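The sequence lines fix the lettering, A, B, ..., with proteins before strands; numbering per chain opens at 1. Bear in mind the structure is a predicted one, so any value in this text is a computation, not a measurement.
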Amino acid sequence: MAALALFGHTALGATDTASLTYGGYAFAGNAGDIARNYPYAFALDRSGGKGTSLIGSSVNAFMRAHPGSIPGVSLSFGLIQRDQPALILALALTDEKVLKEDIGDMHKLVVDLGLELLTLDFGDMQVVSSVPITLELIDAQQTPFSDSDVVGRVRAMLIGNDAQLAKVLVEKLRLVTIRSRNACTLQVSAVAVGEKAFPFLPDSLKAAPSAYGRFVAQQFGSLLNSRAGVALLPYSKDGLSSRMALRFSDASVLQFNIPEPTYGIDLNVKGFKKVLSQKTESESLWIYGAYLGVRVFEPEFQKVYFEGTAKYPVSKIVPASQPTVDEFPVVSEALKGAFLNAIDLLRNDPSTRDTVLNKCKL
Amino acid sequence: MKVLIAILTFGCIGNSLCMADLVKTKGKGEIVYQGIFQEGSPEEHAAIANAKQNALTRYAASMDPARYELYKRVESEVLTHIDDYISDYVVIDKQTDKDSHRFSVIIEASLNTTLLESTIQRTSAAAAPGAGEQSNITFIFVARELEARKIFDAKRTNVSINDGSQAVSEKDAVAPDGQSTQSAMNSSSVSKTTVGGNTELKADALTYRVATVAEVDSAVNAVLSNAHYETVDPNDAGLDVEKFKADFSGGNDISAATRAEAIATLRRNDVRYMAIASMDVGLPETDPVSGLIRVFVTVNAKVTYLPPLPAEGQPRRLPKTIASIAGRPYAGLGPDPQVAKTNALNEAATKSAQELTDQLRMKNIR
């Protein structure tokens, strides 16, 4: 009996073999909504010609060129052998957010892309762990941004060795590890957006607060993963569903279960605040603050390890000649500061550090 | 990815024979200690042992009622050898309350469900040594899809009743002069029309396309064989499967004649159990999470015990229903409706056969 258990654990946990097979690039979510959820990335992906995934080919070429990027893990390509554990590494696009704004005579573009480096167990179709990645591009020009302009910017973010993605992947692949099945995991379980945050959000996000919640979860997870070195499970955008669907570049659609995490983190973007600090005839100095509630807990027995608020201010000088201010990037910067502040609070709290973070170490 | 998946599936099947299923489950243990609590003390080990047992109990609480009953039979044995079932665990929280001298610990354990299942099966009646022929069972699982639906128009009956009546009254009186009489006549007519009726609605006439599915038979066979029941092919048992299909094509159950004939045939052939299930395949729809096609299959099933034919002069024992499932839905996903339907049928067949088996074992049916 003991031998059976040991064998099973070794096969599933796969700590000894330390091999991963690269499975490909995928769009996350409902396969029928890919073109609607990721309009620019999808258009870019299909621009390589019929049946060709441009992003998939580019990521595949990168992975093949960097097979030793994951410390202690042998990344293989092609078919899995029968005696190998069914662990697959996949890169999934989980979020695409494009904001276009007119500021005076200028036209501004902000592109945010969220991706996850997923370790998937095909044996029981489960997500084992995830390394979140966020990419951002901010651009401005005198003519409005056309759709093809945006696709071009997304291309610069994702395709080729000089793309943002390639640079980030080198760093993020180091965080991929093959952990025992019994190892602890963390997950951003829920994101709430307070009323005091809404006035600072663009109209597109006011209309879809869940999309903003997903972005917040992903950005926080990415920072937590890299700064605290902890194992994460992907954020499930629908709290009722713990499934993650992936549409791979060959059009196959697979569905994975996201297991219950050992520990959960609830985030509450309580709100943003701006205060006029100084004013002269030529300019004004505004202080923008972000307030973030964080709760770390064990979901089964509802044991709370940390509950507190992190805040962070950023200053913005507005020339008197500038009639309007694009406040979203400013509060986003403040929120990012609050994320880092919150992570420091978690790391400095003995209970959270010893009981939660250290147990979820990669 | 498709090729990869194909290989993976093959590989997983190959490995599944010797690979245990591990499920993560959490448990909490607590003890009251004497004196000063120390790490690594027997009290701590006792609390962890409690937590392991709690983890198992919490897992068992998620079982369906029949399976839980089976688990309860082996619970004491499993708890005695808890370390065989929980091979690995992580302490995710521990707390010492010095005032009340309580130590509590929360663990996340890997539970070997394959071993647990094996223990449950080992103690079930059908698996008992010498069960042999006593566990003969034949099953007919038919899948049916709506082929035609005749919707009847509402039948409206209008009724109108006209009643007419005329009333005449005559009044005679002596005139004030006393010499003459006065006479007056009033007449009135009343006409009444009563309008009413009824609307008769007739249930839709449904015609099903019924089929037996080889994959479903294999799935059910696997479950019953694993539970140590001996399955007998309905054709080998002398049943006319076409009659079952014909009955299910127009109704929700088999006809009395088909049932009587089947029971007589099976009793003659010493088959003790007859399992009949109809699996209604729903219309394909889009799964909201994955965007794949999703098909629901609803299962109605029952197992009838067929007592042996009585010896001459002995009282006749009647067949009785000993396990049943009513209207349980199961879902299957796939890239197209055909694959989704096949997956749903397999899921429905496996799960419903498992549940029927649990109900049989719960009643010590052998």
Side-chain angles (χ1 to χ4, degrees), chain A residues 1-2 4-13 21 23-24 26 29-34 78-86 88 90 122-124 180-184 238 241 243-255 259-260 262-263 298-301 303 305 351 355-356 359, chain B residues 1-16 18-28 54-55 58 81 83-95 104 106-116 118-119 286-294 333-335:
Chain A
M1 276 189 256
L4 181 67
L6 183 66
F7 187 90
H9 185 251
T10 305
L12 287 168
T21 301
N30 188 322
D33 295 338
I34 299 295
L79 302 178
I80 280 189
Q81 301 303 310
R82 287 182 65 179
D83 56 349
Q84 279 185 321
I88 301 290
F122 272 57
D124 54 5
S180 156
R181 171 63 72 88
N182 205 36
C184 298
D238 176 3
S241 166
R243 294 183 291 162
M244 184 178 205
L246 297 177
R247 182 186 190 277
F248 283 87
S249 45
D250 69 348
S252 59
V253 180
L254 299 172
Q255 190 164 260
E260 181 85 4
T262 311
Y263 305 102
E298 190 285 312
E300 192 101 1
F301 296 94
K303 164 112 196 216
Y305 296 97
S351 166
T355 312
V356 180
K359 291 210 168 104
Chain B
M1 184 55 74
K2 279 175 186 165
V3 179
L4 187 68
I5 294 163
I7 298 297
L8 278 170
T9 309
F10 184 67
C12 293
I13 291 166
N15 284 341
S16 66
C18 50
M19 188 185 288
D21 280 334
L22 296 177
V23 171
K24 277 172 103 172
T25 175
K26 288 178 181 172
K28 186 177 183 179
N54 181 248
R58 293 171 70 85
H81 301 98
D83 287 340
D84 290 342
Y85 297 86
I86 293 179
S87 54
D88 210 352
Y89 68 90
V90 176
V91 174
I92 59 175
D93 187 71
K94 54 184 175 183
Q95 208 160 22
S104 63
I106 298 174
I107 64 164
E108 190 167 56
S110 294
L111 176 66
N112 186 339
T113 53
T114 306
L115 186 57
L116 183 62
S118 166
T119 306
T286 304
D287 175 52
V289 174
S290 63
L292 292 167
I293 301 296
R294 181 172 64 183
L333 294 175

Close side-chain approach of B:Leu22 and B:Asn112, heavy atoms under 4.5 Å: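 Counting from C-beta outward, B:Leu22 and B:Asn112 do come under 4.5 Å.
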Interface moiety of A:Ala90 toward chain B, non-hydrogen atoms closer than 4.5 Å: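 A:Ala90 has no heavy atom closer than 4.5 Å to chain B.
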Between [X] and chain A, with a heavy-atom cut-off of 4.5 Å, which part of the residue counts as in contact: side chain, backbone, both or neither?
{"X": "B:Ile106", "answer": "side chain"}
{"X": "B:Lys24", "answer": "side chain"}
{"X": "B:Asp83", "answer": "neither"}

Interface residue of largest heavy-atom contact number with chain B, from A:Thr262, A:Val356, A:Val253, under 4.5 Å: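 That would be A:Thr262.
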Partners passing salt bridge (charged side-chain N to carboxylate O under 4.0 Å, His left out) against B:Asp93 (at least two apart in sequence or in another chain): A:Lys303
Residue pair B:His81, B:Thr119: steps toward the side-chain contact (heavy atoms from CB on, under 4.5 Å) verdict: CA-CA 11 Å; B:His81 301 98; B:Thr119 306; over 6 Å; no
For A:Glu300, the option from B:Lys26, B:Arg58, B:Lys28 that meets side-chain hydrogen bond (donor to acceptor under 3.5 Å, both in side chains):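 Testing each of B:Lys26, B:Arg58, B:Lys28 against A:Glu300, the sole residue satisfying side-chain hydrogen bond (donor to acceptor under 3.5 Å, both in side chains) is B:Arg58.
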Any residue meeting ring-ring contact (aromatic ring centres under 6.0 Å, His included) with A:Tyr305, in chain and number order, not counting sequence neighbours: A:Tyr263
